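All remarks here apply to the structure that follows.
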Amino acid sequence: MENMFRLIDNDQEVATNRCIWVNGPVIVGAGPSGLATAACLREQNVPFVVLERADCIASLWQKRTYDRLKLHLPKQFCQLPKMFFPESFPEYPTKRQFIDYLESYASRFDISPKFNECVQTARFDETSGLWRVKTVSNAESTRTEVEYICRWLVVATGENAERVMPEIEGLSEFTGEVIHACDYKSGEKFAGKKVLVVGCGNSGMEVSLDLANHLAKPSMVIRSSVHVMPREIMGKSTFELAMKMLKWFPLWLVDKILLVLCWFVLGNIEKYGLKRPEMGPMELKSAKGKTPVLDIGALEKIRSGKIDVVPGVKRFNGNRVELVNGEELDVDSVVLATGYRSNVPYWLQESEFFAKNGFPKTAIGNSGWKGRTGLYAVGFTRRGLSGASMDAVNIAQDIGSVWKLETKQPTKRSTTSHRRCISQQF
């Protein structure tokens with residue numbers, strides 16, 4: 001047993017090294033996915049511990065999003081299990097309203113994450129049949145190492161844990177300011193400047209729109225095809241309309257209808273450099289997880305010339321950028337709206353359920369939430385907040401059924417139980 005658990009011998013080590021038994025699942029991540037899972041487990045009367053590397057819940061929303069951000073979908077598609085948005089909230093809540101909702105959600109279900117605990121490794125111990133999750137905390141200038149021992153591990157770090165930084169020739173020598181979209185807050189400080197926005201997803205489009213609204217001169221890089229759709233069609237959410245049609249029609253027909261409606265509302269967008277993919281928007285989302293852009297005003301700025309659309313970047317040279325078509329632009333600043341990626345491969349020592357890209361191997365669709373040996377994933381099915389909520393409900397019910405069965409029929413533990421070696425319990 002000495003090899004399996006680290007015993008604590010003196011007061012100094014108590015402050016810096018601990019081993020904790022969790023009488024229930026460990027949830028890694030206190031974003032919407034982790035909170036939803038915790039709330040559903042609370043409803044099942046299953047104890048849990050939530051680990052969060054930041055100092056707050058939903059750190060992506062609180063610290064790595066721009067000021068003008070609103071939910072792209074109507075609030076009924078973004079609420080978490082067991083709690084509606086307040087009726088006073090608009091159909092598309094603001095960033096601040098969504099954060100307030102999440103904080104109220106955590107309070108209502110008595111969710112108190114362990115903040116500033118960054119998971120270093122998580123591995124399944126075949127000998128004990130338990131998960132061993134090691135964390136490091138540097139809070140209050142004291143480095144604390146903790147190993148959590150648990151039967152179930154829920155990965156809730158999500159699709160957007162780490163920023164993606166592209167490798168572009170000469171970018172490191174660019175003489176102007178270079179930031180990722182996660183560090184962009186407002187276009188106010190860019191007024192009058194020429195800003196290159198690399199990326200044309202929802203973030204790239206909104207950052208370009210915000211820059212144009214603050215009298216900057218944005219050029220948006222579009223390297224490949226993209227589906228741009230109106231956020232609403234005839235006063236109805238485009239997403240809601242698609243979901244209703246999918247109940248009655250096959251996916252290919254829904255895509256056909258959506259594209260015809262988009263043409264009537266937006267017109268021919270290809271003449272502005274916005275070429276559509278060959279695959280329809282819903283099919284592309286289902287097959288590859290690529291979300292269509294929901295236009296909230298950027299297209300009008302493109303039509304009026306206040307947002308310039310340019311092809312891919314070949315290289316940077318000082319404060320100039322050379323495009324793949326040979327054209328050169330003078331640029332003052334660069335915003336990299338190049339997206340995010342999962343960080344799971346950096347800490348989870350497992351390769352059967354999760355692929356090298358940090359997603360479950362069956363992540364797209366309805367079967368990507370459960371692995372073997374008590375391993376679960378929430379928020380990786382590329383179906384947004386509604387998909388994460390469904391994952392959370394399924395995970396809590398799965399764990400809860402085992403928990404209820406075993407707590408009704410307690411079994412006698414062997415004399416080698418690990419509990420006696422644990423310094424702290426939850």
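Small disclaimer: the values here were computed from a predicted structure and weren't measured. Throughout, numbering of the chain's residues begins at 1 and tracks the sequence.
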Item to check | Test: Glu147 and Arg123 ion pair at under 4.0 Å | outcome: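 No.
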Q) Does the distance from a Lys or Arg side-chain N to an Asp or Glu carboxylate O, for Arg320 and Glu322, drop under 4.0 Å? A)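 Salt bridge: no.
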Set of residues satisfying side chain to side chain contact (heavy atoms under 4.5 Å, CB included) with respect to [X], sequence neighbours excluded:
X: His214; result: Ser186, Glu188, Asp210
X: Ala355; result: Asn357, Lys361
X: Glu232; result: Glu91, Tyr92
X: Pro90; result: Gln97

Does anything in residues 245-270 form a side-chain hydrogen bond (donor to acceptor under 3.5 Å, both in side chains)? List the pairs, not counting sequence neighbours.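 Passing the test, one end in residues 245-270: no pairs.
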For residues 219-231, please give each side-chain donor-acceptor pair under 3.5 Å, one per line with the distance, not counting sequence neighbours.
| from | atom 1 | to | atom 2 | distance (Å) |
| --- | --- | --- | --- | --- |
| His227 | ND1 | Arg276 | NH1 | 3.2 |
| His227 | NE2 | Met279 | O | 2.7 |

Applying ring-ring contact (aromatic ring centres under 6.0 Å, His included), name anything that partners [X], two or more places apart in sequence or on another chain.
X: Trp347; value: none
X: Phe316; value: Phe174
X: Trp131; value: Phe124

Subject >> Thr65 and Lys95: side chain donor to acceptor below 3.5 Å >> reply: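 The criterion, which ignores hydrogens and geometry beyond distance, is satisfied for Lys95 and Thr65.
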Who are the salt bridge (charged side-chain N to carboxylate O under 4.0 Å, His left out) partners of [X], not counting sequence neighbours?
X: Glu206; result: Arg68
X: Asp332; result: none
X: Glu283; result: none

